[in-house]
Amino acid sequence: MTTAREIMTGGAECIGAEESVLLAAQKMTELGVGALPICGTDNRLKGMLTDRDIVVKVLGQGKDPADTNAGELAQGEAVTIGADDDADEIMRTMTSHKVRRLPVIDGHDLVGVVAQADVARSLPDPQVGDLLAALSSD
């Protein structure tokens, strides 16, 4: 049984909910990633911020990324996966919520992120094909 802990990218860095979207974009550039978990002052996960969110919800609406807090873009409860959840649960969660990245939680601690690419590298081709088809539909 392959678990989230085995295929995740560990050491995920958060952007603080009160930090600017500009800082988040700079952090994404520095880390070479397209998304960052948003964490509150309580160090709890509040959501995910993607490069697309920055373009569409900030730049596209004429907002200043230096004056927009990352937390303003967190929507609802964050979709997560447990560190010991298996590959089937990862697939179900990504498919049902139409997300390409899942923060991995161990207890209340963020321990990593499972991205669509992690799944593609770790699971058999038929499963990956099903996931890609599900995420690409609509």
Side-chain angles (χ1 to χ4, degrees):
M1 171 179 79
T2 303
T3 65
R5 187 184 311 273
E6 293 169 323
I7 66 171
M8 72 181 189
T9 300
E13 289 193 33
C14 285
I15 187 71
E18 301 302 317
E19 293 182 296
S20 75
V21 170
L22 177 61
L23 179 62
Q26 292 167 336
K27 199 174 215 183
M28 284 181 193
T29 300
E30 177 185 310
L31 296 171
V33 298
L36 289 172
I38 302 170
C39 294
T41 54
D42 58 359
N43 218 26
R44 295 275 174 107
L45 184 68
K46 303 297 181 196
M48 289 290 285
L49 176 66
T50 66
D51 47 9
R52 186 175 192 286
D53 291 332
I54 293 170
V55 171
V56 173
K57 297 175 183 174
V58 179
L59 300 176
Q61 294 184 7
K63 296 179 182 177
D64 182 349
D67 292 331
T68 304
N69 291 338
E72 292 175 41
L73 302 179
Q75 298 178 337
E77 191 171 324
V79 177
T80 63
I81 194 81
D84 296 318
D85 287 346
D86 66 20
D88 288 338
E89 185 62 25
I90 295 167
M91 300 277 286
R92 272 192 300 277
T93 303
M94 284 184 156
T95 301
S96 67
H97 292 279
K98 298 263 188 189
V99 295
R100 289 174 164 76
R101 298 169 187 93
L102 282 173
V104 180
I105 305 295
D106 190 1
H108 293 291
D109 298 326
L110 176 70
V111 294
V113 175
V114 171
Q116 182 178 340
D118 298 321
V119 173
R121 283 190 294 271
S122 302
L123 299 179
D125 287 344
Q127 283 183 294
V128 172
D130 291 345
L131 176 63
L132 293 176
L135 293 179
S136 299
S137 65
D138 276 347

Show the numbers, then the answer: is there a side-chain contact (heavy atoms from CB on, under 4.5 Å) between I7 and I90?
CA-CA 10 Å; I7 66 171; I90 295 167; 3.8 Å; yes
Please report, to 0.1 Å, the donor-acceptor pairs under 3.5 Å made by any side chain of residues 23-32, with sequence neighbours excluded.
| unit_1 | atom_1 | unit_2 | atom_2 | d |
| --- | --- | --- | --- | --- |
| K27 | NZ | C14 | O | 2.6 |
| T29 | OG1 | A25 | O | 3.0 |

What pairs of residues pass the salt bridge (charged side-chain N to carboxylate O under 4.0 Å, His left out) test when at least one of them lies in residues 39-49, not counting sequence neighbours?
D42-K46
Among residues two or more places apart or on two chains, list those pairs meeting salt bridge (charged side-chain N to carboxylate O under 4.0 Å, His left out) that have a residue in residues 15-24.
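Qualifying pairs, neighbours excluded: none.
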Side chain to side chain donor-acceptor pair (under 3.5 Å) against T93, all qualifying residues, sequence neighbours excluded
E89
Do V21 and E72 have side chains that get closer than 4.5 Å, going by heavy atoms?
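Contact flag for V21/E72 side chains = no.
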For a quick test of reading the model, state the closest non-hydrogen atom pair linking A17 to G40 and the distance between them.
CB-CA, 4.2 Å
Do you know the tightest heavy-atom contact between G82 and A4?
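Shortest heavy-atom separation between G82 and A4 comes out as O-CB, 3.5 Å.
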Spatial distance of atom [atom1] ([X]) from atom [atom2] ([Y]) [nearest 0.5 Å]:
X   : Y    : atom1 : atom2 : result
M48 : I38  : CE    : CD1   : 8.5 Å
E6  : D86  : CD    : CG    : 10.5 Å
T50 : R101 : OG1   : CZ    : 6.5 Å
T80 : D85  : OG1   : CG    : 8.5 Å

Any link between [X] and [Y] through a network of hydrophobic side chains (Ile, Leu, Val, Met, Phe, Trp, Tyr) touching at under 4.5 Å?
X    : Y    : answer
V111 : V114 : yes
V79  : V119 : yes
M8   : L36  : no
V113 : V33  : no

Side-chain heavy atoms under 4.5 Å apart, restricted to Ile/Leu/Val/Met/Phe/Trp/Tyr: what other residues fall into the cluster of L110, or is it alone?
L45, I105
Sorted by chain and residue number, the salt bridge (Lys or Arg N to Asp or Glu O under 4.0 Å) partners of D106 (sequence neighbours excluded) come out as R5
Got a list of side-chain donor-acceptor pairs under 3.5 Å for residues 54-70, not counting sequence neighbours?
| unit_1 | atom_1 | unit_2 | atom_2 | d |
| --- | --- | --- | --- | --- |
| K57 | NZ | D53 | OD1 | 3.4 |
| D64 | OD1 | A66 | N | 2.9 |
| T68 | OG1 | D64 | O | 2.9 |

